[in-house]
Trainee: 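What follows is a structure written as structure tokens; I'll ask about it next.
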Amino acid sequence: MKFKSPPALAPSSPPEPRTRAGRGRKAVALELIREIFARMRPLPDRASGTYHERRAARLLLEQAEARFAPRFRVSHQGFAVDLSSGAANIAAHGVIFVALALLPPLVGLGRVWLGEYGQAAELAAHPALARIGAFMIPKASLAVSALGALALFIARFLPGATGWSVFSFLTPNLESGNVIVDELPEAPRPGRDRVGDGPYEVEAAWWKERFRLASGASPSDPPGSNPLGRKLAVLAAHYDSARALPEAPALMGSGTLASILKAGFAIIPAASYLGCALALGGVLALDALAPPDATGTIAAALGLGALWLVGLSFASLEMAKALESSNLPYVQGYNDNLSGVAAAFACLDDLAGAGERAPDAPLLLMALTGSEENGLHGSIAFAKRVLVHAVERFGADKVEVWNFESVSGERLRVCDSERTFSGLVRSGAAGMLEAYARSLDPSAAPGPKDALLYSGAPELEPGWTFPLEVSREPMAACTDLTGFTAPRALRKRLRILTFSSPWAKDGLERPRDYHRLEDDAECAEGYTDSIAASALLVADAVRSGL
């Protein structure tokens with residue numbers, strides 16, 4: 001697919017470069033944050049893969065060029081997304097799964113209702129029927145349903161690894177893209193006759209050459225050669241917005257249930273797919289291995305039936321909520337995640353400063369990713385087409401990613417792991433979180449199993465502090481951290497931390513107004529201090545090194 005640039009907007013006045021004389025870092029950061037909020041106000045939302053998302057990309061490109069060019073290169077990295085939302089994909093999975101799970105018993109009940117077993121006695125002994133007590137089901141429907149449920153169980157893990165669901169190949173594709181700002185050396189794009197026919201091969205070769213030039217390696221040096229010992233700091237945030245979530249049941253606020261959900265509720269519906277597949281397959285196994293009317297066989301069949309009912313209940317509940325969500329409007333998404341975008345801008349602005357930086361300072365790159373909300377497409381594309389080559393050239397210990405996710409709130413939290421779509425935990429390289437905690441408080445000595453590594457209020461400017469926690473506890477929501485660590489070459493190797501602002505009023509400690517229509521500009525503007533704090537905390541960490 002040939003990707004086009006984001007649509008141009010009506011002529012607008014680009015922001016004038018600001019001076020820093022006589023102003024503190026916080027004042028400069030707050031001005032830039034409010035400037036970005038103001039530029040996004042004309043957009044009703046930035047829904048993944050839509051025209052409004054592409055308009056947002058154009059606005060961010062203009063903002064970045066006005067502020068950082070020509071010292072930094074500003075570019076757009078296009079990629080394809082499927083015409084759906086994350087909720088629509090989950091709903092489609094659920095509809096097909098429920099249909100498959102109900103097929104065998106419905107077929108068996110239909111045979112009983114038609115009287116085939118009573119009127120044609122020879123059918124009861126037919127080898128094509130699985131007989132459990134007096135209830136018989138065609139083995140073909142059992143096998144199809146068991147294999148289908150197992151396939152859907154496996155397919156639930158695809159989005160976190162590839163960005164694509166099993167339905168992505170059956171729906172039309174749209175265009176999305178990442179906005180990238182970097183200070184790497186320039187290099188001409190190679191011709192396709194040298195690197196291959198595909199646009200991705202050309203882009204990969206281009207990034208490899210730019211990383212090589214930055215490292216000081218000669219063309220004949222091996223890929224891992226980094227003579228200058230250069231480091232790369234990536235400031236990341238997704239700029240698209242999500243669909244609203246349905247209202248949560250009242251019992252979601254109870255402490256026990258909230259703890260269960262926080263510990264990985266998403267794995268329960270996924271496990272229900274596997275449970276149903278095992279139950280349906282178990283019926284076939286019982287029919288083959290045990291006498292049809294034995295008491296033990298009937299008891300085992302009842303157990304399998306209970307497993308089937310539990311799995312079907314969880315899958316049906318998830319399907320109903322996903323169907324409801326897929327019909328709700330998109331949110332404006334000022335906390336999730338325009339706040340992260342503004343923090344990344346402010347952080348890069350603070351690091352770039354007004355003068356020259358130290359020769360050994362990390363190279364800076366800002367990646368504003370698209371289509372996070374419908375499958376982490378932007379972060380996965382960036383990881384595969386840029387990050388993998390950066391780690392290959394500089395080394396895993398020389399590349400660090402700072403991910404800003406919903407940072408407008410009353411406090412900030414830093415973590416290095418999170419729950420994926422399927423309830424599993426995804427994390428980057430070990431050690432970076434502990435190193436960051438020690439940089440804030442050298443005397444902190446938490447135990448190996450202590451979740452909270454640091455809790456305090458670092459001073460960012462004379463007289464200005466902000467509450468911060470550094471925690472080993474995984475985030476309850478899935479972010480671009482999962483996308484950035486999707487390639488196998490980066491799993492458990494990429495040094496990455498996520499800054500977020502958990503909301504104390506949410507039982508799961510998700511961000512404020514998480515996927516709710518209340519996540520608008522008016523609410524976010526009341527929490528700009530936390531956005532500025534996250535930007536300056538990361539800027540300080542990048543300067544000091546971990």
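One is the number of the first residue; the rest follow in order along the sequence. The structure displayed is predicted, hence computed values, not measured ones.
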Trainee: Please tell me if the side chains of Leu376 and Asp480 come closer than 4.5 Å, counting only heavy atoms from C-beta onward.
Mentor: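 Leu376 reaches Asp480 side chain to side chain.
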Trainee: Quick check: closest heavy atoms across Cys347 and Ala535, and the distance to 0.1 Å?
Mentor: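 Looking at all heavy atoms of both residues, the shortest contact is SG-O, 3.4 Å.
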Trainee: If you measure from the Lys or Arg side-chain nitrogens to the Asp or Glu carboxylate oxygens, is any gap between Glu522 and Arg41 under 4.0 Å?
Mentor: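 Looking at Glu522 and Arg41, the cut-off is met.
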Trainee: List the steps and the verdict of side-chain contact (heavy atoms from CB on, under 4.5 Å) for Ile180 and Trp207.
Mentor: CA-CA 12 Å; Ile180 300 177; Trp207 281 107; 4.0 Å; yes
Trainee: Report yes if some heavy atom in the side chain of Trp464 is under 4.5 Å from a heavy atom in the side chain of Glu459; otherwise report no.
Mentor: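 They are not in contact (no side-chain heavy atoms under 4.5 Å apart), so the answer is no.
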Trainee: So that I can tick it off, tell me whether Lys26 and Glu461 are bridged by a salt bridge, with the cut-off set at under 4.0 angstrom between side-chain N and carboxylate O.
Mentor: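 So Glu461 does not pair with Lys26 through a salt bridge.
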Trainee: Salt bridge check, Arg512 against Glu518: does any charged N sit closer than 4.0 Å to a carboxylate O?
Mentor: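 No salt bridge links Glu518 with Arg512.
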Trainee: Which class fits the ring pair Phe499 and Tyr436: parallel under 30°, tilted 30 to 60°, perpendicular over 60°?
Mentor: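 Correct class here is perpendicular.
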Trainee: So which heavy atom on Ala237 is nearest to which on Asn337, and how close?
Mentor: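 Where Ala237 meets Asn337 most closely, the heavy atoms are CB-ND2, 3.6 Å.
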Trainee: If you measure only the distance, is there a donor-acceptor pair under 3.5 Å linking the side chains of Ser48 and Glu373?
Mentor: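 Side chains of Ser48 and Glu373: no pair found under 3.5 Å.
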Trainee: List the steps, then state whether side-chain contact (heavy atoms from CB on, under 4.5 Å) holds for Val28 with Asp349.
Mentor: CA-CA 9 Å; Val28 174; Asp349 186 65; 3.5 Å; yes
Trainee: Which class fits the ring pair Tyr273 and Phe97: parallel under 30°, tilted 30 to 60°, perpendicular over 60°?
Mentor: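 Plane angle under 30°, so parallel.
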Trainee: Distance alone, cut at 3.5 Å: any donor-acceptor contact between the side chains of Glu418 and Thr482?
Mentor: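 Yes.
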Trainee: Could you tell me whether Asp540 and Arg25 make a salt bridge, using a distance below 4.0 angstrom between a side-chain N and a carboxylate O?
Mentor: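 A salt bridge links Asp540 with Arg25.
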Trainee: Side chains of Asn403 and His238: any donor to acceptor distance under 3.5 Å?
Mentor: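 Judged by distance alone, the side chains do not pair up.
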Trainee: Heavy atoms, side chains only, cut-off 4.5 Å: are Val401 and Arg495 in contact?
Mentor: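 In short, these two side chains do not touch, never coming nearer than 4.5 Å.
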Trainee: For the residue pair Asp182 and Phe72, establish whether any side-chain heavy-atom pair is separated by less than 4.5 Å.
Mentor: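 Side chain of Asp182 against side chain of Phe72, heavy atoms only: no contact under 4.5 Å found.
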Trainee: Quick check: does any side chain N or O of Arg243 sit under 3.5 Å from a backbone N or O of Leu328, one acting as donor and the other as acceptor?
Mentor: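 Such a contact is found between Arg243 side chain and Leu328 backbone.
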Trainee: Checking Leu312 against Val98 for the side-chain contact (heavy atoms from CB on, under 4.5 Å) test, could you report, in this order, the C-alpha distance in whole Å, the side-chain angles of both residues, the deciding distance, and whether it holds?
Mentor: CA-CA 7 Å; Leu312 188 63; Val98 169; 4.2 Å; yes
Trainee: Verify side-chain contact (heavy atoms from CB on, under 4.5 Å) between Trp402 and Glu400, making sure each step is shown before the conclusion.
Mentor: CA-CA 7 Å; Trp402 302 87; Glu400 58 191 31; 3.1 Å; yes
Trainee: Using salt bridge (charged side-chain N to carboxylate O under 4.0 Å, His left out), reason through Glu53 and Arg46 one step at a time and then give a plain yes or no.
Mentor: CA-CA 4 Å; Glu53 186 197 45; Arg46 302 175 306 283; over 6 Å; no
Trainee: Supply the atom-to-atom distance Ser427 OG to Met475 CE, rounded to the nearest 0.5 angstrom.
Mentor: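 Answer rounded to 0.5 Å: 14.0 Å.
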Trainee: Would the distance check show the side chain of Ser339 and the main-chain N or O of Val407 forming a donor-acceptor pair, the cut-off being under 3.5 Å?
Mentor: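 Present.
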Trainee: Would you confirm whether Ser530, through its side chain, and Gly409, through its main-chain N or O, come within 3.5 Å as a donor-acceptor pair?
Mentor: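 Yes, because the side chain of Ser530 sits within donor-acceptor range (under 3.5 Å) of the backbone of Gly409.
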Trainee: So, for Leu232 and Ala390, which heavy atoms are closest and what is the spacing to 0.1 Å?
Mentor: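 Closest pair (atom of Leu232, atom of Ala390, distance): CD2-CB, 3.8 Å.
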Trainee: Identify the heavy atoms of Glu405 and Thr479 that sit nearest to each other, and give their distance.
Mentor: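 Where Glu405 meets Thr479 most closely, the heavy atoms are CG-CG2, 3.6 Å.
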Trainee: Taking the side chain as every heavy atom from C-beta outward, state whether Asn374 and Val81 have any atom pair closer than 4.5 Å.
Mentor: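 A side-chain contact exists here, since the closest heavy-atom pair is under 4.5 Å.
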Trainee: Ignoring hydrogens and geometry beyond distance, is a side-chain donor-acceptor pair present between Asn178 and His76 at under 3.5 Å?
Mentor: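 Looking only at side-chain atoms, His76 and Asn178 do not form any donor-acceptor pair under 3.5 Å.
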Trainee: Evaluate the criterion salt bridge (charged side-chain N to carboxylate O under 4.0 Å, His left out) for residue pair Arg510 and Asp336; output intermediate values, then yes/no.
Mentor: CA-CA 11 Å; Arg510 294 172 300 185; Asp336 185 10; over 6 Å; no
Trainee: Can a donor-acceptor pair be found, under 3.5 Å and without considering hydrogens, that links the side chain of Asp529 to the backbone of Ala532?
Mentor: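 Checking the backbone N and O of Ala532 against the side chain of Asp529, no donor-acceptor pair under 3.5 Å is found.
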Trainee: Output yes when Arg426 and Asp416 qualify as a salt bridge under the 4.0 Å nitrogen-oxygen rule, no when they do not.
Mentor: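 Answer for the salt bridge query: no.
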Trainee: Give me the atom names and distance for the closest heavy-atom approach of Ser75 to Arg73.
Mentor: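 It is CB-NH1, 3.4 Å.
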Trainee: Counting C-beta onward and ignoring hydrogens, is there a side-chain heavy-atom pair between Val542 and Pro362 closer than 4.5 Å?
Mentor: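 The answer is yes, as the side chains (C-beta and beyond) meet within the 4.5 Å cut-off.
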Trainee: For residues Phe484 and Leu490, report the shortest heavy-atom separation together with the two atoms involved.
Mentor: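 Residues Phe484 and Leu490, closest heavy atoms: O-CD1, 3.3 Å.
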Trainee: Look only at the side chain of Ser241 and the backbone of Val331, and say whether a donor-acceptor pair between them is shorter than 3.5 Å.
Mentor: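 Yes; judged by distance alone, with no hydrogens or angles, the pair exists.
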Trainee: Tell me whether Asp240 contacts the main-chain N or O of Glu372 through its side chain, where contact means a donor paired with an acceptor under 3.5 Å.
Mentor: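 The answer is yes, because a donor-acceptor pair under 3.5 Å joins these two groups.
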Trainee: Give the ring-plane orientation class for His377 versus Phe79, where under 30° counts as parallel, over 60° as perpendicular and anything between as tilted.
Mentor: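 His377 vs Phe79 ring planes: parallel.
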Trainee: Measuring only between side-chain heavy atoms, which start at C-beta, is Leu368 closer than 4.5 Å to Phe345?
Mentor: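 Yes - at least one pair of side-chain heavy atoms lies under 4.5 Å apart.
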Trainee: Side chains of Val538 and Phe404, heavy atoms from C-beta outward: is any pair under 4.5 Å?
Mentor: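 Sidechains of Phe404 and Val538: in contact.
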Trainee: When you check the gap from the basic side-chain N to the acidic O, do Arg411 and Glu469 get nearer than 4.0 Å?
Mentor: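 Yes, charged N to carboxylate O under 4.0 Å.
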Trainee: Looking only at side-chain N and O atoms, does Ser408 offer a donor or acceptor that is under 3.5 Å from a partner on Asn335?
Mentor: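 Short answer, yes.
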